[in-house]
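Hydrogens, waters and symmetry mates play no part in the numbers below; they use all other heavy atoms, side chains included. Computed from a prediction, not measured in an experiment: that's the story for all the values here. A, B, ... follow the sequence lines: proteins, then strands. Residue 1 opens every chain.
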Amino acid sequence: MNQIESQLKDLIIKAAASAFAYQLTDDEIVIEIPKEKQYGDYSTNVAMRLTKALHEKPQAIAAKLVEELVKYSDTISSASIAGPGFINFVLNGDTLTDVLRTILASPDTYGQTNSGKGLKINLEYVSANPTGDLHPGHARGAAMGDSVARLMKFAGYDVTSEYYVNDAGNQINNMALSLQARYFQICGLEAKIPEDGYNGPDLIAIAQRFYDLHGTAYRDVVSEESLPIFRAYGLAAEITKLKEDLALFRVEYDVWSSEQSIYDRHMVEKSVKKLQELDMTYEAEGAVWLKTTLFGDDKDRVIIRSNGLYTYLTPDIAYHVDKFERGFTKLVDFLGADHHGYINRLKAAIQALGYDKDALEIDIIQMARMIKDGEEFKMSKRTGKAVALKDLIEEAGVDAVRYYFASRAADTHMDFDLDMATKQSNENPVYYAQYAHARVCSILKSGQGYALASSFEQLVHPKEIDLLKYLNEFPVVVSDAAVSRQPHKICNYIQKLAQLFHSFYADCKVLDDGNAELTAQRLALVTAVKITLKNALWLIGVSAPERM
RNA sequence: GUCUACGUAGCUCAGCUGGAUAGAGCAUGCGCCUUCUAAGCGCACGGUCGAGGGUUCGAGUCCCCCCGUGGACGCCA
């Protein structure tokens with residue numbers, strides 16, 4: 001909630017109380033900036049929303065509210081009725097410029113709110129298997145997840161970001177076998193990558209490092225005996241590489257969780273046992289099934305196969321229990337759309353264990369189709385046919401890639417044109433926003449001799465008013481983006497703020513030798529723009545360059 | 001076939017719990033640098049919001065049904 005909106009809401013609540021003896025709440029009032037400037041600085045549709053409760057026509061309600069509202073002339077310079085019953089406000093200058101004092105007083109925290117109320121949240125994203133390089137398809141999840149983590153921290157949540165490493169399943173054996181085969185090949189032996197193995201170039205590099213370390217020491221050892229060595233070595237190498245690539249992408253996790261450690265701590269047996277005690281399981285066809293249909297799943301799911309092994313679901317259930325036991329009140333998972341069918345069974349399992357249905361929220365991130373030479377480029381870790389995230393970053397730059405992925409809502413099917421991305425063209429709007437920041441920096445550098453103003457009565461140009469209003473919006477946008485976990489709202493904000501600044505720049509000269517006071521006031525304004533842009537860019541992991 | 005998302009300008013996408021004449025970038029066309037960065041500004045062009053019904057003061061937004069696209073439908077992970 002920004003200062004202006006909460007002020008206006010308070011006034012509307014008071015006005016409704018004295019005009020109708022009706023007690024409004026904050027949630028019932030929507031304040032917005034009208035698209036058309038002729039409708040004033042801010043507007044509300046509250047009169048229309050009250051028609052049912054008050055049994056009067058919206059215009060009549062609006063008229064009575066306005067009668068009350070105009071009394072608060074220290075905030076509102078005018079209030080009027082328009083169209084079907086909107087109330088439009090024009091504000092006093094002071095009301096608008098207060099935001100500059102706020103921003104300049106604590107630059108690093110502008111935009112922070114307490115919307116999250118310290119709620120302890122766990123946010124899991126990417127969690128790709130440690131069996132190959134991250135590719136651009138993972139980049140969307142990484143960009144989304146990291147941005148949402150930053151957003152939630154900014155909005156007052158106590159959020160922990162987490163990567164679940166599947167280091168215990170079948171796929172790790174296949175990775176180890178593939179690595180071993182690569183090693184044998186380097187040793188000059190005939191060796192084939194197993195059918196379910198991994199053909200990626202990363203394993204060749206890891207095998208080479210292994211060879212450099214051990215030479216032919218494992219060349220003549222029986223495969224079964226050396227496999228655990230390759231397994232451990234490969235796993236460590238893959239995980240290190242994951243961390244490095246993500247760090248390169250400016251993605252840092254608070255916690256890396258290991259599936260193996262879930263097993264080692266007997267979390268899996270405990271969870272299964274508890275499910276059995278709660279009578280949530282049954283045996284059939286030699287397997288143990290979980291009654292997920294009790295909680296809306298299409299069919300019951302196997303948790304212990306007839307060969308005695310667990311399915312993927314089982315340790316994952318235990319892992320989520322582990323998260324709850326670490327004290328999180330809410331778990332959020334970001335999954336790719338290809339895991340969509342997994343949502344119901346996992347949520348069902350959580351409920352079977354007695355947790356609240358809403359304690360686990362799973363957001364689906366639609367897949368990004370990779371386009372190369374105008375055609376879809378199918379990628380697969382198994383065949384090794386893929387572009388590594390690392391290569392993409394090197395060619396296109398972290399800023400462009402992160403902005404691109406952050407700027408689209410998670411539920412849109414998007415195309416990622418590899419050719420365009422690597423061209424580093426101006427088609428990516430990130431440069432527009434960064435340029436605005438660089439321009440402000442340039443002004444500030446040239447205007448070093450001036451002090452910033454502390455009163456702002458001369459900021460009355462329409463372009464200045466637009467900027468002031470929009471600066472006021474930032475905390476609302478952050479809060480909204482955090483609660484809805486939609487970082488693209490920050491991108492929209494950045495784009496608009498940059499546009500307002502560029503437009504202001506064209507019309508208003510900041511450094512004016514003939515008017516020191518106006519210069520000082522405008523310097524304060526552009527400093528506030530710089531701070532806000534920088535904070536907004538930080539939220540989506542994009543740098544704010546001083547010059548371009 | 002079933003489930004689940006999506007379909008908005010030539011292209012990529014916004015559109016805040018239903019609100020005023022549906023927006024932006026790119027592309028296209030025309031203007032603007034002796035003045036703080038032209039990676040910029042201004043103007044123009046561009047739409048049956050996939051089709052059809054319904055709900056109400058009001059629907060791109062909610063409901064139903066078609067059409068199209070992606071994804072998922074394992075005792076794989």
How does each nucleotide of nucleotides 4-9 of chain B score, in 5' to 3' order, for protein heavy atoms under 4.0 Å: base (B), sugar-phosphate only (S), or none (-)?
SBS---
Please classify the nucleic acid contact of [X] as base, sugar-phosphate, or nothing, using heavy-atom distances under 4.0 Å.
{"X": "A:Gln499", "answer": "nothing"}
{"X": "A:His488", "answer": "sugar-phosphate"}
{"X": "A:Gln434", "answer": "nothing"}
{"X": "A:Arg49", "answer": "base"}
{"X": "A:Lys299", "answer": "sugar-phosphate"}

Let me spell it out: for each of A:Arg305 and A:Ile87, pick the nucleotide of RNA chain B with the closest heavy atom. Which residue's pick is nearer the 5' end?
A:Ile87
Taking for each residue the nucleotide of RNA chain B with the nearest heavy atom, is it A:Glu32 or A:Ala82 whose nucleotide lies nearer the 5' end?
A:Glu32
Whole-Å distance separating the [atom1] atom of [X] from the [atom2] atom of [N]:
{"X": "A:Arg301", "N": "B:rC3", "atom1": "CZ", "atom2": "P", "answer": "15 Å"}
{"X": "A:Tyr342", "N": "B:rG71", "atom1": "OH", "atom2": "C1'", "answer": "17 Å"}
{"X": "A:Tyr432", "N": "B:rA39", "atom1": "OH", "atom2": "P", "answer": "13 Å"}

Counting Watson-Crick and G-U wobble pairs only, both distances under 3.5 Å, name the nucleotide matched with [N], or none.
{"N": "B:rG58", "value": "none"}
{"N": "B:rA14", "value": "none"}
{"N": "B:rC30", "value": "B:rG42"}
{"N": "B:rA9", "value": "none"}
{"N": "B:rC73", "value": "B:rG1"}
{"N": "B:rG52", "value": "B:rC64"}

Looking at A:Val288 and A:Thr281, what are the two nearest heavy atoms and their distance?
CG1-CB, 4.0 Å
Please determine if a side-chain N or O atom of A:Tyr404 lies less than 4.0 Å away from the OP1 or OP2 oxygen of B:rC13.
no
